[in-house]
Amino acid sequence: MTITFITGANKGLGRETARRLIECGHTVLVGARNREQGEETAAALGARHVPIDVTDDASVAAAAANVAEHEGRIDVLINNAGVHGPVGDPGGLTAADAFAVLDVNVIGVVRTTSAFLPLLRRSDDPVIVNVSSGMGSLALTHDPDRPESHVVAPLYTSSKAALTMLTTQYAKGLKGIRVNAVDPGYTATDLNGHSGPQTVTEGTDAIVALATEGPGAGTGRFVSRHGEIAWS
């Protein structure tokens, strides 16, 4: 039985990923900061809620200890929790604004990955999936034919660019663990006021694909539902 832990799994892409992986036969652990929402989601999907706030060292450590006690390992870690931050004119950005976004989207991934590595290393086929974005791609955000080029979201885009690079470094340095990044595409979620043209099911296609690959699949990739994306 594949055991999968998903951060930010109480809504949006995280919840839909949980639903689909349960359908695939995974045992899914719904990581969520909001206890009520996390428990409601877990009950509705047939999963188990594990409280986690990826911005809090103690909370992340407690989540890993919880899983160690109950499941003993995980096979797949999906770093999905994310925030958007300010949109538009960057002239008024503050250090606090930047920290609030980076603390979830980048530092939170580091916290969670480090805490869960001992549990991943107990798996026969450990996998990490980082939910990044084409908004962090230099090529896509400079292509006038792409929707990514028409949005000014300085902190979100910067955080996702950092996350894709972090993914390549984990892929190189974590031997025996597949580490890949996903661009879900422009999907209708709370993050964008449900303005995206894709459904959450379409937005989770690549996440589910990476989470269900067999042993020997590649590492260090950036993948969308349409295929691999160049690291640029």
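These numbers come from a predicted model, not from an experiment.
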Separation of Asn180 CG from Ile207 CD1 (nearest 0.5 Å): 12.5 Å

Pair Thr168, Phe222 - check side-chain contact (heavy atoms from CB on, under 4.5 Å), show working. CA-CA 9 Å; Thr168 68; Phe222 188 19; over 6 Å; no

Assess the residue pair Thr113 and Ile128 against the criterion (side-chain contact (heavy atoms from CB on, under 4.5 Å)); give the C-alpha distance rounded to whole Å, side-chain angles, the decisive distance to 0.1 Å, and a yes or no. CA-CA 8 Å; Thr113 301; Ile128 298 172; 3.8 Å; yes

Minimum-distance pair of heavy atoms, taken over all atoms of Pro144 and His150: O-NE2, 2.9 Å

Sub-3.5 Å donor-acceptor pair from the side chain of Lys175 to the main-chain atoms of Lys172, do we have one? yes

What one should report as the nearest heavy-atom pair of Ala81 and Gly8 is CB-N, 3.9 Å

Just verifying a value: how many Å separate Asn79 CG and Phe5 CZ, rounded to the nearest 0.5 Å? 9.0 Å

For the pair His49 (side chain) and Gly31 (backbone), establish whether a donor and an acceptor sit closer than 3.5 Å, ignoring hydrogens and angles. no

So, Arg111 and Asp103, do they make that salt bridge, N to O below 4.0 Å? yes

Between Gln169 (side chain only) and Leu166 (backbone N and O only), is there a donor and an acceptor less than 3.5 Å apart? no

Side-chain contact test, heavy atoms from C-beta onward, threshold under 4.5 Å: evaluate it for Leu140 versus Met135 and give yes or no. no

Do Pro86 and Tyr156 have side chains that get closer than 4.5 Å, going by heavy atoms? no

Would you say Val131 ends up clustered with Ile22 if hydrophobic residues are merged whenever their side chains have heavy atoms under 4.5 Å apart, either directly or through other cluster members? yes

Within the side chain of Thr157, is there an N or O that forms a donor-acceptor pair under 3.5 Å with the backbone of Pro154? yes

Pairing of Arg178 and Asp125 as salt bridge, 4.0 angstrom limit: yes

For Ile78 and Thr4, run side-chain contact (heavy atoms from CB on, under 4.5 Å): C-alpha distance rounded to whole Å, both residues' side-chain angles, the deciding distance at 0.1 Å, then the answer. CA-CA 7 Å; Ile78 301 177; Thr4 299; 3.9 Å; yes

Leu138 backbone acceptor or donor facing His142 side chain under 3.5 Å: yes

Using a 6.0 Å cut-off, check whether atom CZ of Arg33 has over 12 heavy atoms from anything other than its own residue. no

For atom NE2 of His70, decide whether the heavy atoms of other residues, nucleotides or ligands shown that lie under 6.0 angstrom number more than 12. yes

Nearest 0.5 Å, what's the CG-CD distance between Leu13 and Glu202? 11.5 Å

Looking only at side chains, do Thr55 and Asp53 share a donor and an acceptor under 3.5 Å apart? yes

pair Leu155-Leu93: side-chain heavy atoms closer than 4.5 Å: yes

Would Leu117 and Ile52 show up in the same hydrophobic cluster when neighbours are defined by side-chain heavy atoms closer than 4.5 Å? yes

Flag the pair Glu213 and Arg221 as a salt bridge only when some basic side-chain nitrogen lies within less than 4.0 angstrom of an acidic carboxylate oxygen. yes

Name the one of Leu77, Val127, Val76 that satisfies side chain to side chain contact (heavy atoms under 4.5 Å, CB included) with Leu120? Leu77

Is there a donor-acceptor pair closer than 3.5 Å between any side-chain N or O of Thr7 and the backbone N or O of Asn80? yes

Could you pull out the closest heavy-atom pair between Ser159 and Val106, with the gap in Å? O-CG2, 3.4 Å

Any donor-acceptor pair under 3.5 Å from Thr41 side chain to Asn10 backbone: yes

Between Arg73 and Ser123, do the side chains contain a donor N or O and an acceptor N or O under 3.5 Å apart? no

Do Asp183 and Ser224 meet the criterion of a side-chain donor-acceptor pair at a distance under 3.5 Å? no

N/O donor-acceptor pair under 3.5 Å between Asn130 side chain and Ala181 backbone: no

Under 4.5 Å between side-chain heavy atoms, counting indirect links through other Ile/Leu/Val/Met/Phe/Trp/Tyr residues: same cluster for Val200 and Val30 or not? no

ILVMFWY cluster, Ile74 and Val110 together (side-chain gap under 4.5 Å): yes

Measure from the side-chain N and O atoms of Thr112 to the backbone N and O of Val54, and report whether any donor-acceptor pair falls under 3.5 Å. no

Measure across Val83 and Ala100 and return the closest heavy-atom pair with its distance rounded to 0.1 Å. CG2-O, 4.0 Å

Any donor-acceptor N/O pair, Ser132 side chain to Lys160 backbone, under 3.5 Å: yes

Quiz question: by atom type and distance under 3.5 Å, do the side chains of Asp75 and Thr2 form a donor-acceptor pair? no

NE2-OG1 distance between His26 and Thr212, expressed to the nearest 0.5 angstrom: 6.0 Å

Please report the shortest heavy-atom distance between Pro184 and Ser133, naming the atom on each side. CD-CA, 4.5 Å

Non-hydrogen side-chain atoms of Val109 and Asn105 separated by less than 4.5 Å: no

Can you tell me how far the CZ atom of Arg35 sits from the CD atom of Glu40, to the nearest 0.5 Å? 13.0 Å

Please lay out, stage by stage, how Glu71 and Leu119 fare under the test side-chain contact (heavy atoms from CB on, under 4.5 Å). CA-CA 9 Å; Glu71 285 78 24; Leu119 296 169; over 6 Å; no

Can you tell me how far CG of Leu163 sits from OH of Tyr170, rounded to the nearest 0.5 angstrom? 9.5 Å

Under a single-linkage definition using a 4.5 Å side-chain heavy-atom cutoff for Ile, Leu, Val, Met, Phe, Trp and Tyr, are Ile6 and Val60 assigned to the same hydrophobic cluster? no

For the side chain to side chain donor-acceptor pair (under 3.5 Å) test, which of Glu16, Arg225, Arg20 pairs with Thr204? Arg20

